[in-house]
Structures are given as structure tokens and as C-alpha cells.
Amino acid sequence: MISMPYLSLAVWLPIIAGLAVLAVGRDRDAGAARWIALLGALVGFLVTLPLWLHFDAGTSAMQFVERTEWVPRFDLHYYLGVDGISMLFVLLNSLMTVFVVWAGWEVVQTRVAQYMGAFLIQSGLINGAFCALDGILFYMFFEAMLIPMYIIIGVWGGPNRVYAAVKFFLYTLVGSLLMLVALIYLYTVSETFSILDWYQVPLSMKVQLLLFVAFFLAFAVKVPMWPVHTWLPDAHVEAPTGGSVILAAITLKIGAYGFVRFILPIVPDASRYLSGFVITLSLIAVIYIGFVALVQGDMKKLIAYSSISHMGFVTLGFFLFSQLGVEGGLVQMISHGFVSAAMFLCVGVMYDRMHSRQIADYGGVVNTMPKFAAFMMLFAMANSGLPATSGFVGEFLVILAAVKVNFWLGLLAAVTLILGAAYTLWMYKRVIFGAIANDRVRSLIDLDRREFWMLAALAALVIAMGVWPKPIVDVMHASVANLLAHVAQSKL
Amino acid sequence: MNTLNLLPVLPEILVLAAACVILLVDVFLPDGKRHVGYWLTQITLLICAWFTLTTMQEQPVLAFNALVVDDVLSDLLKFFCYLSVSAMLFYSRGYMLARGLFRGETFVLTLFSLLGMMVMISAHNFITVYMGLELQALSLYAMVAMHRTSNAASEAAMKYFVLGALASGMLLYGMSMVYGATGSLDLDAIARGVLTGEGNRTLLLFGLVFIVSGLAFKLGVVPYHMWVPDVYHGAPTPVTLLIGTAPKLAAFAITLRMLVVALGGLAFDWQGMLMVLSLLSMILGNLIAIAQSNIKRMLAYSTIANMGFMLLGFVAADPNGFSAAMFYSIAYVLTTVASFGVVLLLSREGFEADNLDDFRGLNQRSPWWAFIMLLVMFSLAGIPPTVGFYAKFTVFQAVIQQGFVWLAVVAVMTSLVGAFYYLRIVKLMYFDEPVDTAPLESRGDTRLVLSMNGLALLLFGVLPQPLMGLCVIALAYSGFL
């Protein structure tokens with residue numbers, strides 16, 4: 001039996017490290033802040049590795065469970081646990097935190113300690129949201145993580161950062177406040193805040209529909225689904241590179257995670273009843289937002305829209321209610337975590353040199369930055385879903401599941417392969433290939449050691465996951481089967 | 001019943017005696033020794049706190065022919081009153097010194113208003129309620145006007161006095177009607193009279209309307225809120241702090257005792273009235289706060305909105321709701337004390353930090369105080385992990401349990417509006433460049449108390465059980481559960 005509280009470590013180590021960075025780091029002493037942050041992020045990642053190594057893929061039960069009484073007044077528990085669905089995201093998040101610290105190493109020069117501290121604290125809070133099995137504990141982490149991100153966008157962001165930060169915060173808050181009402185309502189019916197117990201609570205159709213709306217708003221904003229996606233392009237464009245990476249790679253996943261942890265099992269009848277609605281919204285996101293991405297002149301905005309489009313695939317997969325679809329959605333989430341992070345880091349690399357994100361300002365970068373161009377090529381291919389990259393696996397599974405349900409649905413979903421390739425590769429072509437566009441491009445310097453290894457590590461992950469996704473998919477099987485059993489069972 | 005038992009009112013006697021002693025001592029103090037009065041006041045508060053806590057009894061004790069009651073509820077609320085008054089003195093020492101307000105009168109009036117609050121909290125008879133209320137209010141009117149050279153302060157004092165007198169009149173009028181209907185001023189006797197239904201019901205209901213209006217004025221909820229922004233704005237900041245904190249606890253206590261203990265039989269009637277008051281306060285308070293450019297006015301509207309949220313607990317009209325309202329009041333007081341503490345900290349001689357713009361770039365001037373103010377703002381907005389979240393959580397839970405889900409939905413939407421203006425302060429502090437670069441100077445004890453206060457918001461936000469549990473226990477032992 002494993003006795004170490006790995007989940008608590010995964011949650012609290014980064015937070016403690018973040019506080020330490022804030023306490024130690026003065027602006028004069030940025031070096032110390034960086035090293036403590038890197039150490040904290042690395043240790044924070046290492047403690048999540050046992051979750052994978054000791055994970056029992058044969059069961060759908062929660063593992064590494066920690067449960068202590070927290071607020072007896074409302075029967076709240078400090079209740080953590082992971083299953084095959086959430087475990088991978090804890091790892092993904094902790095790994096991405098290392099990348100973010102790494103990426104901000106020389107780039108961030110103002111208020112370094114606060115920058116690193118905010119990311120570490122946020123990382124712990126996100127792990128908390130993925131591990132929490134108590135409704136209010138989840139809500140605490142879910143809301144609290146807005147605070148560091150608000151500061152990150154607002155302090156280190158671009159020219160329009162204040163607007164983007166406030167929009168990000170308020171948008172997310174609308175949905176989550178309604179979710180709070182839903183959580184409290186579930187408590188009054190069931191007398192418990194344990195999420196797993198809520199899976200068993202019978203609810204009438206009317207109640208299920210109202211709860212669905214409340215949860216759906218909270219998570220759809222976070223995913224984000226069309227038409228509540230408009231905060232994302234603003235937030236991405238204005239956020240510093242690290243902020244974009246965490247937003248795209250992790251925080252969006254919490255929205256999708258909410259679908260499988262809350263909506264599907266708690267209100268299964270409403271989910272089945274409204275699946276057509278959600279699938280329609282997802283297809284709009286996949287196709288319409290794909291077209292929107294095509295016409296963007298700003299690289300970060302383009303990747304932001306591409307994120308929305310890819311996340312549409314995830315929600316589409318979930319609401320097909322088949323093993324393939326849900327697993328495809330989950331694989332897509334992880335793959336998108338790597339690929340979108342890599343794409344934003346690539347844009348960051350160029351932005352640090354040119355201070356422009358406009359596609360029109362570039363051209364012929366391959367002539368001055370060949371190594372960079374090679375890496376970006378790989379990530380662009382992964383973003384468009386090329387086989388043998390991670391992007392292909394998830395999309396293929398979801399399309400397969402969609403075709404099984406309905407041929408035309410599968411066909412519409414498959415449009416993404418064309419659109420994704422179109423907007424990503426067209427951008428790539430305009431930025432990287434062609435003649436050298438101007439003198440600033442001519443004076444570009446290729447990747448330094450830090451950037452090279454950062455992108456190389458991500459490239460290795462993207463390819464590894466594309467070639468051999470089995471270890472990732474295997475841990476999901478039991479949990480996804482269990483989830484689908486809950487969805488199939490009526491609670492009326 | 002031992003009618004001459006002085007033990008239940010010993011803290012009140014202590015405060016009264018201390019106020020008289022300080023008044024006398026102050027006459028003989030040279031100008032440079034005013035801090036003697038200050039420390040005497042702090043010591044009085046400390047002794048009272050010690051005494052109140054050590055003499056706590058499980059059973060309520062009635063004294064003076066049931067004019068006052070000493071129960072766990074009153075002990076707990078009094079303790080938080082001492083705490084907030086003491087914090088107010090700690091935070092405002094430098095401010096008062098710089099403006100010639102560091103005088104014996106300030107301390108004496110503070111103690112008298114505290115005495116009024118204590119009497120209100122312990123009242124078991126309408127007459128006692130009224131006496132406490134007037135004592136508290138009259139001291140505060142004088143304190144608002146104490147900054148004699150300030151026109152705004154005089155205007156605020158005048159407004160406060162006239163409207164306050166009107167409200168007292170309404171309350172008294174309502175009390176007299178209830179007396180007419182039930183033949184008694186004692187809370188228990190009124191409760192019996194209401195339940196037997198012998199009295200004239202129309203008269204009783206009219207009395208209830210006037211009482212609720214009077215209470216609404218004291219709490220500062222819409223539509224009886226007009227005095228709040230002007231008084232908050234015009235009064236010297238330490239006095240604003242005092243008005244905005246401890247009296248709310250006293251107002252909570254008299255609301256509980258008058259509506260629940262005495263007029264509990266009319267719960268169905270006052271429930272509806274409070275629901276309207278609460279809704280209006282949450283909506284108007286939060287909306288109008290957006291347009292404010294002065295932090296004291298903004299906090300005034302935030303108070304209005306917060307009292308609306310607090311009333312949700314009464315709307316639920318069950319023990320769960322009352323304990324939620326009590327927790328809300330205490331959480332609110334803890335947060336508000338800290339908010340004005342930061343405003344006072346930023347002020348210095350000849351400079352009032354009462355414009356929102358004065359908070360610009362605070363993070364660069366002092367990351368620590370920016371962080372404390374960040375906690376305060378998120379606590380007021382109800383964002384975890386601060387105590388303000390649990391305050392909102394408990395009242396929402398209380399109304400949802402009673403089936404008012406729609407009310408909770410409206411309430412969360414207004415708190416979304418509220419989040420906007422609280423976020424703006426955070427934005428000013430973190431995202432903007434400082435305009436004012438003067439170093440922040442303050443005494444060591446001020447910094448220590450304010451830091452502890454700020455961290456308490458976080459601590460109770462992560463581990464709310466002790467405070468929540470206390471509220472439940474206090475109400476249970478005082479006969480409300």
C-alpha cells in the first residue's frame with residue numbers, strides 16, 4: 001500500500017514553492033527567484049510521477065485517496081483522489097509548469113519573483129482542481145486559480161492587457177457562480193458534497209436540465225465553446241507567453257474535465273437529452289472557428305482560435321457517449337496540451353526577437369533560423385493532425401466514433417483535418433518560407449541552448465505520443481467504461 | 001432569578017467606568033501624553049475581552065428584571081466588537097495624530113459608542129434596545145463631526161443626525177405599537193403575546209413595518225441607505241471604520257432579538273419585507289458602487305450590498321440562516337476593518353488616500369500591502385480562498401435550503417457585478433504605474449495588527465470551521481436552534 005500523500009504533495013508543494021519565491025525574491029535578486037522556482041517546479045513534477053508508476057489501470061475506483069474532515073458544519077471534506085481520467089492531467093500540468101518556468105527564464109525581467117510565484121501557486125491550484133472529489137473543494141481551487149492568472153495577464157501582458165484580464169475573470173466568474181448554486185442545490189438534495197456520491201442521487205428531468213445549464217455555463221466558458229469563447233482570443237493575445245501556455249495547455253482542460261467529472265455522470269438524462277445541442281455547438285466550433293482562424297493576421301490569435309476548434313473536438317467526442325469518443329476526447333486534450341503549448345512557445349521565441357506577432361511582419365524566417373523552423377514544422381504538423389504526431393490520435397478516435405454514430409457527423413468532424421492543415425500550414429508558410437521579408441528578419445538569431453532543449457523536449461513528447469499512445473490510452477479504459485456506465489444509467 | 005446580579009453586565013460597567021476615568025485623566029494630561037488615554041482604552045478593551053470570554057456561560061442569564069440577557073451569542077458578538085474597535089484604534093493612531101484628532105474625547109466617545117453597542121447586543125427588552133441604540137448613535141454623530149474644520153464632516157454629521165433621529169423615531173413608534181398590541185416590552189412576553197394572537201393583528205403588523213424600517217436604516221439597506229455614502233465619505237476615516245464595522249454586529253444582534261425572538265410569530269410577514277430589502281440592496285448597492293471614484297464611497301455602497309447579502313440569512317428564517325447571517329456579519333466586519341486599515345495606512349499628513357487613483361501601482365510601492373488589499377478585495381467579492389467566499393456560501397446555502405433558488409441566482413449575479421469594482425482596485429494596484437511614490441510610513445504595531453487581520457481573511461478562508469462552528473454553537477446555547 002502506498003502511504004505517501006502524493007496528491008497533497010502535488011497540490012501543496014508548488015504553492016509552498018511559490019510562496020517561497022515570493023518571500024525570497026526581490027527584484028534585485030531575480031536569479032534566486034528563478035532557481036527556486038525551477039527547483040519547485042521540478043520537485044512538483046517529480047512527486048507526480050509515482051501517480052503514473054503506481055497507478056492501477058485495472059480499476060475505475062479513485063486511487064491515492066486522501067480524505068479528512070474539513071468543515072463539518074457543511075460536511076465538507078478535504079477529499080482528493082485521481083482516476084484514469086484525471087491522473088494524466090495532474091502530470092501534464094506539473095510538467096507544463098516546468099516548461100513555463102523554463103520559458104520565462106530570461107524573457108521575464110520585471111518582477112521576476114512575482115511572475116514565477118504566480119505560476120507556481122497557480123500550478124498547485126490547478127492540480128487541486130483535478131484531484132478534488134469534494135464539490136466545494138473543487139470550487140475553491142477552480143475559482144482561486146483565476147486570481148494568479150488575472151495578475152499574470154494584467155501585469156506581464158500586452159498593451160490591451162487590462163481589458164483582457166478583466167474580461168477573462170468576469171467571463172469565467174459568470175459560469176462558476178451559477179455552478180456554485182448548483183453545487184449547493186445538490187448538497188441540499190443529497191446532504192453531501194462528495195462528487196462521487198452525487199453520481200447516485202436520483203434527480204427529476206426538470207432539475208437535471210437546470211443543473212445541466214448551470215454546470216454547462218461554467219465549463220463551456222472555460223473550454224471555451226462557441227459562442228462563449230470570445231474571452232480566449234483576447235486573453236491569449238495579451239497574456240505573456242507563459243500565461244498563454246498555461247491557459248491553452250491546462251486551464252481549458254479543466255473545463256472539459258468538468259464535463260466528464262460533473263455533467264455526464266451527475267445529470268446523465270439531461271446530457272443524453274441535450275447531446276444534440278452540445279454536438280451542434282461543438283461542430284460549429286470545429287468548422288466555423290476553423291474558418292475564423294484562417295483569416296487571422298496575428299499568430300497568437302490564430303493559435304487561440306485553433307485551440308477553440310480543437311477543444312470543440314473534445315466536447316464532440318464526449319457527447320457521442322462511446323468508449324472511442326470519450327477516450328479520443330481525452331487523448332486530444334493531452335495532445336493539445338503539448339501541441340498548443342509548443343505553438344505558443346514558438347510564437348514566443350519569435351516575439352522575443354521581433355516584438356511582433358503579426359504574420360505580415362515575417363517571411364523567410366527559415367533562412368535565418370533553420371533549427372527553429374524545423375521544430376515549428378513538426379508542431380504545425382501536429383496541430384493539423386498529421387499521423388505519427390500526437391494530434392492525429394485523438395482526432396482519429398473521435399472521427400471514428402462519430403462515423404459509427406452517423407456518417408455525416410463523421411464527415412463534418414473530419415473537415416477539421418482539412419481546415420486545421422489549412423490555417424496552420426498557411427501561417428507556417430507565410431512566416432517561415434519565402435524570401436526574407438525585411439531587415440529585421442535578416443538579423444534574427446537562431447535558437448539558443450535553452451530554447452532548443454525546451455522545444456526538443458516537447459517535440460519528443462509529441463512524437464512519442466503519436467507513435468505509441470498505448471500507455472496513455474490504457475490507463476483510461478476502466479475509468480471511461482465506468483463513466484459510460486453512469487451515463488447510460490437513468491437517474492429519473 | 002437574581003435581579004441584582006451584576007456579573008452579566010460587568011463588561012458594560014467596566015467600559016462605562018473606563019470612559020469616565022479616561023475623561024478625567026485626560027484633563028490633567030499635557031498635550032504630548034495623549035497616548036496615555038489611548039493605551040488606557042486598549043487595556044480596557046483587553047480586560048473586557050478577557051472578562052467576556054472567561055465568564056461565558058452555557059445558559060443565558062437574565063438580569064435587571066430581564067432587561068438584559070447575557071448569553072453566548074452576546075459574548076461572542078461583544079468580543080468581535082472589542083476586536084474591531086481595538087483594531088480601529090491601532091490603525092488610526094498615526095492618522096489621528098496628524099489631524100489633531102488624537103484626543104481624550106475620541107477615546108471617550110469611542111468607548112461610549114462601544115457601550116451602546118454592548119447594550120444593544122445584550123438587550124432583552126425594547127427599552128434596552130432603544131437605549132443602547134441611542135447611546136451608540138449619539139456618540140457616533142459627535143465623532144463624525146469631530147473634525148471641526150472639515151465642511152464635509154459637518155455636513156455628514158448633520159445628515160447622519162437628522163436621518164438617524166428619524167429612524168430612531170420610526171423604531172420607537174413601531175415599538176409603541178407592538179406594546180399596544182401585546183402589552184409588554186419584554187422580548188419573551190411579546191413573543192408569547194404574538195403567539196396567542198390576542199392582540200390586534202393590524203396594529204402588530206404596522207408596528208412590525210416601522211420596526212423593520214428602523215432596523216433597515218441602522219443596517220443601511222436600500223431604500224434606507226441614503227445616509228451611508230455621505231457619512232462614510234464625510235467622516236474622518238477612523239470614524240468611518242468604526243461606523244462600518246462594530247455597529248453592524250450590534251445591528252445584527254437587535255435584528256435577531258427583535259424579529260426572531262420577539263416577533264418570531266410574524267416570521268412569514270417580515271420574511272417578505274426583508275427579501276425586498278435584501279434584493280434591492282444587493283442590486284442597487286453593487287450597481288452604484290461601479291460609478292464611484294472615491295474609495296470610501298465605493299466601500300459605502302459595498303456595505304449596502306453586503307448587508308443585503310447578510311439579510312439573506314434572515315430571509316431563510318431558520319436557525320441555519322441565522323447562523324449564516326451571523327457568520328456573514330463577522331466575516332464582513334473582519335474584512336471591512338482591514339479595508340479601511342489599508343486606506344488609513346496610505347494616508348499621511350495632509351493627504352487622504354481616499355481616491356481610487358491613490359491605489360495606483362501600490363504593488364510597486366509595497367507588495368505586502370498590495371497583497372493584503374488584494375485579499376480584502378477578493379474577500380469582499382466572495383472569491384475563494386478568502387473568508388468572504390464562505391460568508392456568501394453560507395447565506396446562499398441557507399436560502400437554497402429554504403427553496404429560494406431563484407433568490408440565490410439573483411444574488412450570485414449581483415455579486416458578479418460586485419466583482420467588477422473590486423477587481424478594479426486590484427487592477428489599479430497591480431497593473432498601473434504608481435502616481436504617488438511617497439514611502440509608506442506606519443508604526444510597527446499598526447503594521448503587525450493589519451498584517452494579522454489580512455492573513456486572518458485567508459486563514460478563515462481556508463479553514464472556516466472554527467468561526468462557523470462558533471456561530472452555530474453561540475446560537476444553539478442562546479436558544480435559537
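This is a predicted model, so every value here is computed, not measured. Side chains included, hydrogens not; waters and symmetry mates left out as well; all remaining heavy atoms used. Chain A is the first sequence line, chain B the second, and so forth, proteins listed ahead of strands; every chain is numbered from 1.
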> Measuring heavy-atom distances to chain B, does A/A214 have an atom under 4.5 Å in its side chain, in its backbone, in both, or in neither?
Replying inline: neither
>> Within this structure, what is the OG-CG distance for the pair A/S176 and B/L416, rounded to the nearest 0.5 Å?
In response: 8.5 Å
> Taking every heavy-atom pair that is under 4.5 Å apart, which of B/F378, B/F420, B/F396 has the most such pairs with chain A?
Replying inline: B/F378
> Say you draw a straight line from CD1 of B/I383 to CE of A/M140; how long is it, rounded to the nearest 0.5 Å?
Replying inline: 12.0 Å
> Any luck finding a side-chain donor-acceptor pair between A/R73 and B/T394 under 3.5 Å?
Replying inline: no
> What heavy-atom pair brings B/A408 and A/V181 nearest, and what distance separates the two atoms?
Replying inline: O-CG2, 4.2 Å
>> Between B/F393 and A/F74, is the ring centroid distance below 6.0 Å?
In response: yes
> What are the two closest non-hydrogen atoms of A/L173 and B/A419, and how far apart are they?
Replying inline: CD2-CB, 3.4 Å
> Does a side-chain heavy-atom distance below 4.5 Å link A/L76 with B/Q465?
Replying inline: no
> B/N355: what forms a side-chain hydrogen bond (donor to acceptor under 3.5 Å, both in side chains) with it, not counting sequence neighbours?
Replying inline: none
>> Check this for me: A/Y257, atom OH, are more than 12 non-hydrogen atoms of other residues, nucleotides or ligands nearer than 6.0 Å?
In response: yes
> In residues 150-157 of chain A, which residues are in contact with chain B at a heavy-atom separation under 4.5 Å?
Replying inline: A/Y150, A/I151, A/G154, A/V155
>> Before we go on, tell me: are the rings of B/F389 and A/Y139 under 6.0 Å apart, centre to centre?
In response: yes
>> Between B/P464, B/G461, B/P384, B/A411, who has the most heavy-atom pairs with chain A when the cutoff is under 4.5 Å?
In response: B/P384
> Hey, are the side chains of A/I184 and B/Q401 touching, using non-hydrogen atoms and a 4.5 Å cut-off?
Replying inline: no
> Would you say A/V174 and B/M413 make side-chain contact, with heavy atoms under 4.5 Å?
Replying inline: yes
> Which answer fits A/L125, side chain, backbone, both or neither, if we ask what part of it has an atom under 4.5 Å from a heavy atom of chain B?
Replying inline: neither
> Which bit of A/Y185 comes within less than 4.5 Å of chain B, counting heavy atoms only: side chain, backbone, both or neither?
Replying inline: both
> Any idea which of A/T188, A/L177, A/L178 has the most non-hydrogen atom pairs under 4.5 angstrom with chain B?
Replying inline: A/L177
>> Run A/Q114 and B/N363 through side-chain contact (heavy atoms from CB on, under 4.5 Å) and show every step you take.
In response: CA-CA 10 Å; A/Q114 290 190 1; B/N363 182 36; 2.9 Å; yes
>> Measuring only between side-chain heavy atoms, which start at C-beta, is A/I147 closer than 4.5 Å to B/V426?
In response: no
> Side chain, backbone, both or neither: which part of A/I136 has a heavy atom under 4.5 Å from chain B?
Replying inline: side chain
> Can you tell me if A/W70 uses its side chain to pair, donor with acceptor, with the backbone of B/V462 under 3.5 Å?
Replying inline: yes
>> Do B/Y430 and A/R111 make a side-chain contact, defined as non-hydrogen atoms from C-beta onward lying under 4.5 Å apart?
In response: no
